[in-house]
Amino acid sequence: ARYVLHNLDYAVKQTLHNKRTALVTGPLNKEIIISIDKKFTGHTEYIQKITKSNGVLMMLASDQLRVALATTHIPIKDVAKTITKELIINKVKILNNDLKTKFNIKNPHIKVLGLNPHAGDGGYIGKEENEIIEPVITKLIEKGLNLKGPISADTAFIEKNEKIKADSFIAMFH
């Protein structure tokens, strides 16, 4: 565990010193690392701590799909209370900026997934979409961001009926 964390520390510091590089991480055995660091929750949070960053965003990406995560490495029972307007604004802004600066997408189209099944079904299966997610999307659209949502996570990745392909999705939990 100490060796793994030493290598991660080294890689992060080297990346910080050379702005022309990027850090790509692979899976770690968290159980082993937690045996020496009880507060370790994952790469994202660990790198945020090392770099003293105000905001970070985990993205799972391939050539065909990019999914950013609003929350990371927390129990599902804690997700709803962690989803706030401020959190979503922060994560969407990071994603939008990174799609522009790191992926060279001029006007990124981001689809924001709901938290609840069927994106809450108008409040029937949860109120987070109506009370938190939708108002944030409206506010950010007014500021010029190209967003759509909240979209039901169970059908979000079916594109045959969509005219505009998403450059990225942002999901509420990991």
Side-chain angles (χ1 to χ4, degrees), residues 15 19 21-27 41-48 51-76 78-174:
T15 304
K19 299 294 183 192
T21 63
L23 176 64
V24 177
T25 61
T41 56
H43 291 86
T44 307
E45 300 82 6
Y46 189 79
I47 293 169
Q48 180 177 14
T51 61
K52 299 179 176 111
S53 296
N54 291 329
V56 294
L57 182 69
M58 179 191 295
M59 179 190 289
L60 308 169
S62 71
D63 290 339
Q64 295 80 30
L65 183 65
R66 295 180 198 98
V67 180
L69 306 168
T71 63
T72 57
H73 306 119
I74 61 173
I76 198 74
D78 296 334
V79 173
K81 63 185 170 199
T82 304
I83 299 296
T84 64
K85 290 178 180 180
E86 295 78 19
L87 176 92
I88 296 172
I89 289 169
N90 178 270
K91 299 300 182 175
V92 169
K93 284 183 173 180
I94 291 170
L95 178 59
N96 190 66
N97 182 63
D98 285 356
L99 290 170
K100 287 179 176 180
T101 61
K102 294 179 172 79
F103 292 89
N104 297 317
I105 301 169
K106 289 183 182 181
N107 185 26
H109 181 64
I110 301 168
K111 292 186 179 179
V112 181
L113 304 183
L115 172 64
N116 296 294
H118 313 285
D121 271 343
Y124 181 72
I125 307 178
K127 304 219 181 287
E128 291 81 5
E129 287 78 10
N130 293 346
E131 295 175 359
I132 300 169
I133 301 169
E134 192 172 333
V136 166
I137 292 170
T138 300
K139 180 179 181 178
L140 292 173
I141 289 171
E142 289 171 359
K143 291 187 176 193
L145 276 75
N146 185 8
L147 307 176
K148 183 175 180 183
I151 295 172
S152 177
D154 48 354
T155 58
F157 304 104
I158 300 171
E159 293 189 357
K160 73 177 187 177
N161 297 327
E162 291 291 325
K163 293 179 181 160
I164 300 171
K165 185 177 183 215
D167 294 303
S168 184
F169 295 84
I170 186 159
M172 294 299 118
F173 61 93
H174 170 47

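What's counted below: heavy atoms across the whole structure, side chains too, no hydrogens, waters or symmetry copies. The model shown is predicted, which means the values in this text are computed figures rather than measured ones.
Rounding to the nearest 0.5 Å places CG of Leu99 at 5.5 Å from CD1 of Ile110. To the nearest 0.5 angstrom, Ile132 atom CD1 is 11.0 Å from Ile89 atom CD1.
Shortest non-hydrogen contact noted between Ala119 and Pro150 is CB-O, 3.9 Å. Across Ala156 and Ile151, no two heavy atoms sit closer than the pair CB-CG2, 3.7 Å. The two residues Pro108 and Asn96 make their nearest non-hydrogen contact at CG-OD1, 3.6 Å.
Residue pairs that meet the side-chain hydrogen bond (donor to acceptor under 3.5 Å, both in side chains) test with at least one member in residues 115-125, sequence neighbours left out, are Asn116-Glu128, Asn116-Glu129. Pairs engaging residues 95-106 under the salt bridge (charged side-chain N to carboxylate O under 4.0 Å, His left out) rule: Asp98-Lys102 [sequence neighbours left out]. Residue pairs meeting the side-chain hydrogen bond (donor to acceptor under 3.5 Å, both in side chains) criterion with at least one partner in residues 139-148, sequence neighbours excluded, are His109-Asn146, Lys148-Glu162.
In this structure a side-chain-to-backbone donor-acceptor pair under 3.5 Å is present from Thr71 to Met172. A donor-acceptor pair is defined here as one N or O able to donate and one able to accept, closer than 3.5 Å; no such pair exists between the side chain of His73 and the backbone of His174.
Applying the side-chain hydrogen bond (donor to acceptor under 3.5 Å, both in side chains) test to Thr41 and every residue at least two apart in sequence or in another chain returns Glu45. Partners of Asp78 by side-chain hydrogen bond (donor to acceptor under 3.5 Å, both in side chains), not counting sequence neighbours, listed by chain and number: Lys81.
Within the 4.5 Å cutoff, side-chain heavy atoms of Phe157 are placed close to those of Leu113. For the pair Val136 and Val92, the minimum side-chain heavy-atom distance is 4.5 Å or more. Leu140 has its side chain out of reach of Val112: every pair of non-hydrogen atoms, C-beta onward, lies at least 4.5 Å apart.
Exactly one residue among Ile94, Leu69, Ile133, Leu95 makes a side-chain contact (heavy atoms from CB on, under 4.5 Å) with Ile170. That residue is Leu95.
Applying the 6.0 Å contact sphere to CZ of Phe173 captures no more than 12 heavy atoms from other residues, nucleotides or ligands.
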Sequence neighbours excluded and cut-off under 3.5 Å, please list the side-chain donor-acceptor pairs for residues 52-68, or say none.
unit_1	atom_1	unit_2	atom_2	d
Ser53	OG	Thr51	OG1	2.6
Ser62	OG	Gln64	N	3.2
Ser62	OG	Leu65	N	3.2
Arg66	NH1	Asp167	O	2.7

